Amino acid sequence: MEEINRKLKEISDSKKIKETKVLKTKLEKDYLFKLQKYESHEKNLGGRNSYSKTDKDATFMKPKSNGFGNKELKPCYNIQMGTEGQFIVG
C-alpha cells in the first residue's frame, strides 16, 4: 500500500492516477480482507492438514461408511491412549 501511495504521488497523468486509485480501492476492499482471512486459517491449522470451522480441535477424517456405503469427510478426533497396569499413562 505504501508503494502504491508513493507511485500515486509520482504520477502526473490524470488517467493513470484514476486507474491506480481504482486498483488501490479493489486491493483494499477485496484482497486485504482475503489475505487476513487466509492468515487466520493458517494460524488455526497449526501444522495440520485440515480443521473444522465449528470445532477447532477436530480434524476431517473419513469415518466408517454410513448405511448407504458413502464415505464422507466429517470432523473427528484421533484419540490415542497408552496404558500400563490398567492406568492411563499417556
Side-chain angles (χ1 to χ4, degrees):
M1 293 306 292
E2 292 172 8
E3 185 178 340
I4 291 173
N5 288 330
R6 187 173 52 248
K7 288 194 178 197
L8 272 172
K9 291 177 184 174
E10 295 173 1
I11 297 174
S12 59
D13 185 17
S14 62
K15 185 177 178 184
K16 289 197 177 227
I17 290 175
K18 185 176 180 181
E19 290 173 359
T20 308
K21 284 185 177 181
V22 168
L23 290 173
K24 179 184 172 189
T25 305
K26 186 173 184 177
L27 179 68
E28 288 174 337
K29 287 185 177 180
D30 296 335
Y31 298 117
L32 288 179
F33 173 74
K34 288 179 182 179
L35 179 63
Q36 290 170 347
K37 186 176 175 183
Y38 178 77
E39 287 173 349
S40 71
H41 287 305
E42 284 285 318
K43 181 182 168 191
N44 288 334
L45 275 172
R48 298 183 292 174
N49 291 332
S50 65
Y51 74 96
S52 172
K53 292 178 183 175
T54 56
D55 186 358
K56 303 285 190 245
D57 294 328
T59 303
F60 280 103
M61 298 181 196
K62 289 184 179 180
K64 291 184 178 181
S65 60
N66 60 13
F68 301 108
N70 297 338
K71 285 194 169 191
E72 44 189 57
L73 292 172
K74 295 184 178 183
C76 300
Y77 293 96
N78 187 5
I79 300 173
Q80 298 178 5
M81 289 188 277
T83 62
E84 186 174 320
Q86 298 182 355
F87 291 101
I88 298 173
V89 294

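These figures come from a predicted structure and were not determined experimentally.
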Quick one: list whatever passes side-chain hydrogen bond (donor to acceptor under 3.5 Å, both in side chains) with Tyr31, sequence neighbours left out.
-> none
Contacts of type side-chain hydrogen bond (donor to acceptor under 3.5 Å, both in side chains), residue Lys21, not counting sequence neighbours = none
Can you establish whether the number of heavy atoms outside Glu84 located under 6.0 Å from its atom CD is more than 12?
-> no
CE/Met61 to NZ/Lys74 distance, rounded to the nearest 0.5 angstrom?
-> 14.0 Å
Would the number of heavy atoms belonging to other residues, nucleotides or ligands and lying under 6.0 Å from OH of Tyr77 be above 12?
-> yes
